[in-house]
Amino acid sequence: MRAVQVAPLVDARALDRLFDYAVPDGLADAVRIGSLVACPLRGGTILGVVISRDRPSYAGALADLAAVVTDAPPIPGHLLDLARWVSRYYATPLAACLRVVLPPGADGALRREPGGRWRLAPLPKGRRQLIASEPVHGGTARHQAVVGVLASLGRPVGAADLCRLARTTLPTLRAMAERGLLRLEEGVLEHDDPPVLHDRTIPTLTDEQRAAVDTLSADPAKPRLLHGVTGSGKTEVYLRLIADARSRGLGSLVLVPEIALTPQIGDRLVARLGAGVVVWHSGLSVGERARADARIRAGTADVVIGARSAVFAPFPRLGLIVVDEEHDGSYKQDSSPRYDARQVAYRRAAGEGARLVYGSATPRPESWYALEHVTLTRRADGAALPNVKVVDMRTQAAGAISRPLAQALQAALARDEKAILLLNRRGLARQALCRNCGWIGRCPRCDVPLVVHGRPARLLCHHCGYDASVPNLCPSCGSADVIRQGTGTQGLEEALAAVVPGARMIRLDSDAVVRRGELERRLREFRRPGGAVLFGTQMVAKGHDLPDVTVAAVLDADGPLQQPDFRAEERAFSLIVQLAGRAGRRGEPATVFVQAWEPDGRAIRLGARHAVPDFLEGELERRREHGFPPFGHLVRVVVDGSSRPRVQDEARAVADAIAARLPDARLFGPVALHRVRERHRSAVLVRGERAVELALPIREVVDERTADRPHELRIVVDVDPQDT
Ligand SMILES: [Zn+2]
Ligand SMILES: [Zn+2]
């Protein structure tokens, strides 16, 4: 009788190991490495994954596997290896890492059918949505254009997709349906490949692009960095590499920070590469995901574009991984498993022999240091980078918009041009403050100031959602002098109305863009001819190609520098350069304003000159001095619980235990962090040379302390943290 080792898909550190099971004769043919199985454990039957087929470590009688679950395909060997690597590198229980490589929906509840068969809960049917079909020629010129798009797609499509592709709105589609120009009805689409508007026009590469493609096509084993100024045509370079992989029968994976924020790149890939492209985004239903997953496995889809979780897409043969906008912090997952898709991509490319390209206009110091660079210095349309003016806010009157910026906005709008303003703070105002006694509205559960939001104004906590009214009188001294301090994106609307009354204003932030499609609607509104101001959080700086923008501004450029984080300068710098890249895209002369309280700061000064290499070299020098990445790795261990003394004691004990095991590592802390949701928190930062050498001992410490510590204390380990 054969035996297998199974990892139970159960999230308990105590069960985070492999269990031996005997394989009954009836199952011997069906069991593979990677198979999902039902197995008895602790009195129940749980779902697990077959990891290996070694001799059992236990000499006694083994329990039998109950069944092989055939509703989902086995996990391919290379993904199983990747999950085990993620578990080791990120000091995370294997179950959580196996979940990210499971087929969508395979993690559902296990249930026993009347015949004794074990099955997964069935996947939901496709998503019900409004579907457009049956185009009929006629109507206005605008109607005919929409009819033309629908006809060329050659099949029914979701109304939302049609709106995007035909650059129209739902009311227009409804009006057309009433006139009989198309059919609009609720239903479930039969197939969910993205609709394709073919675009076979292949642009001629610039000399720089050609050289980049050549270099990136050499020696596939060598990962490289494509450093290209915004607008230099990185996507076209990616497209050539994808086409090359496809011609050799290999799949391509294109990672982007947030696909919902940059739908254009997905559309462009689909238009050029046609069928076989999967756009993997959070709006897909489980059923749609499962079908896309099956197509990738079968090889009928060979290009996947998606955010960080797409790094685990089950390609049978992977030829290329592109990590676009590689500087973006959203590649790091902030819940378990806390993996960084950029690091996983590195591992995966090495393991599967795939070419790996990281791309950005503002690369990370880590990538700049470790990778060979390929540079695109010029914009593909020949336009110059915009002129940047730093405004010293100490010389300006109070308010979010300085005088030079106000004048530039007025002039631009008078010429029917557009402007983009970036302010990385949501809400009406940063806080409510009593000018008499200094009282500040604070969250009673999180030790942070409450943010003023909405109309009528409320006080909201960005950590826990706590909500209170803004007091008319100061709760501390009774004074009526309670003011709002520090304008946020909502408050900017008022400030703008005073500067450019009557201008078309479009806000982009996570409060304004809640529903799917809202972002595209707002961007479409901004693209309409005529003057307009787009303003919001860093969402406004993310890869949108917007016409006629002659003024752009970072309103609070040194805001990120107030964070006590070694990446603060990198963030401030990248925000300026990324936003500057949105202006003057079609060759219009443009000006970028950088409003700063410390205009001589390095990030501000060099950002204003687009001096990326200078900034990175200086940043690397500073990091080398302090042993920060890439000259070392960090692991952050956070203890949290309801009692401050217990949290402090535990953090101290964890720090001591780590110090004992890792005598060469440098420890910082424990330091108390602000409370979140009534949980006290304390953090220990560990610095060492190699992440794996830190992760394993730290994990052992955490596991050991599980037995001793009071049950309600939690310990979270974050390897290569983004926030420190
Ligand atoms: Zn007061
Ligand atoms: Zn709170």
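Each ligand, and each atom within it, is numbered from 1 in the order the structure gives.
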### Query
Is it true that Arg522 and Glu525 make a salt bridge, defined as a side-chain N closer than 4.0 Å to a carboxylate O?
no
### Query
Is the Zn ion (ligand 2) less than 2.8 Å from an N/O/S atom of Cys443, whether that atom is in the backbone or a side chain?
yes
### Query
Is the distance from the Zn ion (ligand 2) to the nearest N/O/S atom of Cys446 under 2.8 Å?
yes
### Message
Are Tyr339 and Phe312 an aromatic pair, judged by ring center distance below 6.0 Å?
### Response
yes
### Query
Got a donor-acceptor contact below 3.5 angstrom from the Arg289 side chain to the His281 backbone?
yes
### Task
Could you tell me the angle subtended at the Zn ion (ligand 1) by SG of Cys437 and SG of Cys477, rounded to 10°?
110°
### Aromatic plane relationship, Trp85 with Tyr90 - under 30° parallel, 30 to 60° tilted, over 60° perpendicular
perpendicular
